[in-house]
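Computation of the quantities below employed the complete heavy-atom set of this structure, encompassing side-chain atoms and omitting hydrogens, waters and symmetry-equivalent molecules.
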Amino acid sequence: MTNDTAPSRAPLAGVRVLDLTRLLPGPVCTLHLADLGADVVKIEDTGAGDYAAPPLRALVHRNKRALRLDLKQPAGVAALQALARTADVLVEGFRPGVMDRLGVGYAALAEINPKLVFCSITGYGQNGPMRDAPGHDLNYCALAGVSEQIGRAGEPALSNLPIADLMGGALTSAMGVLAALFDAGRTGRGRHVDIAMADAALAHNLVAMVTLNGHGATKPAGADKLSGALPCYGLYQTRDGRHLAVGALERKFWEGFCETIARPDLKARHLPASAAEAEAVRADVAELIASRPLAHWQEVFAGNDCCVTPVLRLDEALKDPQFRARRMVLDAPGGTALASPVQMSGHAFEVRRPAPRPGEHSDELLAEAGYSAEQLVALRASGAVA
């Protein structure tokens, strides 16, 4: 629990991060670092740059500064090397070998700054037969046996929450960066952190792995414990076409649920012995839930200890008292934004600066790296900086 009376000091204050990533995975990783106080420098090329849509840029680049460099020019490479001398972390998302070919790979930059933590985020990692293959979140989840578990039998479903991108490209990368950063503080030596989004999807495919180890095979989508096999854990449609989420996995919650819906006879059928029995219980519950609108069930279950919640749309979730109480929703002039989910004592999350325009802080950052005004003019004239 946070202590609002404690002096506020961001835990990553003083940490400099160079972010060469695009779109979603890497930028969200560095967003978390920026929200925790790191000075994140978003570095884009002088051409298309990060071609993420403006609403996404606004969400994931707050609390960062921006620089544009042409790393195909020696002057652009020299500028990045100058920045790396005093940086703590560099995060990149190019295919394996690209940074080395540009002259700014881990080995080259570690000679300049031995403490540098260099994080590479790719789909399949720095080695293996698929190291150079392109991909997206869907591909990584498909290869890791995750997509096969989402949806109903014979009908795999897509998720609008990119699991591998955010769990792997963002959270796993942040975990690796922070571990290496901690060690660099003790040893004076950084590390090359190799993050594959497919690896992260596989490493967290734990429920299906339990089933595989216990039964010799996974169950099809919609047929495992958490994906639809149990009537005590599922989604039920209401009369108005909305849905209620029932998560009464433990017997005490199921019994409370049955009491609340006035069906005490279902208490003994918490974990049905067969698929046929499970379907019968589910049908009974579904018929009852479908007889009333969502608002009715929200009122009925308010304050009841049953693990039952409404299935909200995002616009409704943003107004929910729970998230408002946690200060998770930011009403900003440019539109609604989401706060950092990391809350801790002695640190109060704040938006220190809005998402920058591409290259907004180029002169400022290069001046900090030791470039004179005349050198900056020359860099801009050459096109190495924009």
Side-chain angles (χ1 to χ4, degrees), residues 1-13 24 27-38 40 55-64 159-163 166-167 170-171 174-175 178 204 226 232-236 238 240 242-250 252-254 256-257 259-261 289 292-355:
M1 184 171 180
T2 59
N3 180 1
D4 292 336
T5 63
S8 180
R9 174 174 168 77
L12 294 182
L24 192 64
V28 173
C29 166
T30 59
L31 169 68
H32 291 313
L33 302 179
D35 284 348
L36 291 171
V40 174
L56 177 58
R57 291 185 67 105
L59 285 175
V60 302
H61 294 311
R62 66 168 179 239
N63 290 335
K64 302 178 185 181
S159 171
N160 207 26
L161 176 67
I163 298 169
L166 296 179
M167 182 188 300
L171 295 182
M175 177 177 70
L178 292 174
H204 291 89
L226 300 184
C232 66
Y233 195 88
L235 304 174
Y236 290 93
T238 60
D240 51 351
R242 301 296 300 275
H243 288 83
L244 200 66
V246 177
L249 271 176
E250 293 81 3
K252 64 178 181 179
F253 295 133
W254 175 250
F257 172 75
E259 286 288 345
T260 303
I261 64 172
I289 299 300
R292 302 285 187 180
L294 181 64
H296 168 83
W297 294 117
Q298 286 182 272
E299 184 177 345
V300 166
F301 284 102
N304 283 334
D305 201 17
C306 303
C307 297
V308 176
T309 53
V311 176
L312 299 181
R313 298 186 303 268
L314 177 58
D315 60 293
E316 295 172 324
L318 297 176
K319 300 172 185 175
D320 189 85
Q322 174 62 26
F323 295 124
R324 289 285 173 172
R326 296 282 295 170
R327 300 176 184 172
M328 280 300 302
V329 183
L330 307 175
D331 297 312
T336 304
L338 305 174
S340 170
V342 180
Q343 301 191 23
M344 62 179 72
S345 60
H347 167 59
F349 164 77
E350 62 177 332
V351 178
R352 302 185 305 279
R353 61 174 82 236

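In this structure the side chain of Asp320 reaches within 4.5 angstrom of the side chain of Leu312, judged on heavy atoms. In this structure, Pro341 and His32 have side chains that are in contact, with non-hydrogen atoms separated by less than 4.5 Å. Looking only at side-chain heavy atoms (C-beta outward), Leu244 and Phe301 come within less than 4.5 Å of each other. The side-chain heavy atoms of Phe349 and Leu330, taken from C-beta on, include a pair separated by under 4.5 Å. Between Leu36 and Pro11, the closest side-chain pair of non-hydrogen atoms falls below 4.5 Å.
When the side chain to side chain donor-acceptor pair (under 3.5 Å) test is applied to Arg352, no partner is found at least two apart in sequence or on another chain. When the salt bridge (charged side-chain N to carboxylate O under 4.0 Å, His left out) test is applied to Glu316, the partners found at least two apart in sequence or on another chain are Arg242, Arg313.
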- prompt: Could you go step by step and tell me if Arg292 and Trp297 meet the side chain to side chain contact (heavy atoms under 4.5 Å, CB included) rule?
  reply: CA-CA 7 Å; Arg292 302 285 187 180; Trp297 294 117; 3.4 Å; yes
task: Under the side chain to side chain contact (heavy atoms under 4.5 Å, CB included) rule, what do Leu235 and Val246 come out as? Steps first, then yes or no, please.
output: CA-CA 6 Å; Leu235 304 174; Val246 177; over 6 Å; no
task: Apply the test side chain to side chain contact (heavy atoms under 4.5 Å, CB included) to residues Leu12 and Leu178: give CA-CA distance (whole Å), side-chain angles for both, the deciding distance (0.1 Å), then the verdict.
output: CA-CA 10 Å; Leu12 294 182; Leu178 292 174; 4.0 Å; yes
- prompt: Are Asp35 and Arg62 close enough, and set up right, to give a salt bridge (Lys or Arg N to Asp or Glu O under 4.0 Å), and what steps lead you there?
  reply: CA-CA 8 Å; Asp35 284 348; Arg62 66 168 179 239; 2.7 Å; yes
message: For His61 and Lys64: C-alpha separation, side-chain torsions, deciding distance, then whether side chain to side chain contact (heavy atoms under 4.5 Å, CB included) applies.
response: CA-CA 6 Å; His61 294 311; Lys64 302 178 185 181; 3.2 Å; yes
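Between the CD1 atom in Ile289 and the NE2 atom in His296 there is a gap of 8.0 Å [rounded to 0.5 Å]. Between the CZ atom of Phe253 and the SG atom of Cys306 there is a distance of 8.5 Å, given to the nearest 0.5 Å.
Taking every heavy atom of both residues into account, Thr238 and Pro293 meet most closely at CB-C, 4.0 Å. Smallest separation of non-hydrogen atoms from Cys29 and Ala174: SG-N, 3.6 Å. When all heavy atoms of Leu226 and Tyr233 are compared, the closest pair comes out as O-CE2, 3.6 Å. Nearest approach of Leu24 to Leu56, heavy atoms of both residues: CD1-CD1, 3.8 Å. Residues Thr336 and Leu318 approach most closely at CG2-CD1, 3.9 Å, considering heavy atoms. Ser8 and Ala348 make their closest contact through OG-N, 3.3 Å (heavy atoms, listed as atom of the first residue, atom of the second, distance).
Without hydrogens or angle criteria, Asp240 side chain to Leu294 main chain gives a donor-acceptor distance under 3.5 Å. At distances below 3.5 Å, at least one donor-acceptor pair connects side-chain atoms of Gln343 with backbone N or O atoms of Arg326.
A salt bridge links Arg324 with Asp331: the distance from a Lys NZ or Arg NE/NH1/NH2 to an Asp or Glu carboxylate oxygen falls below 4.0 Å.
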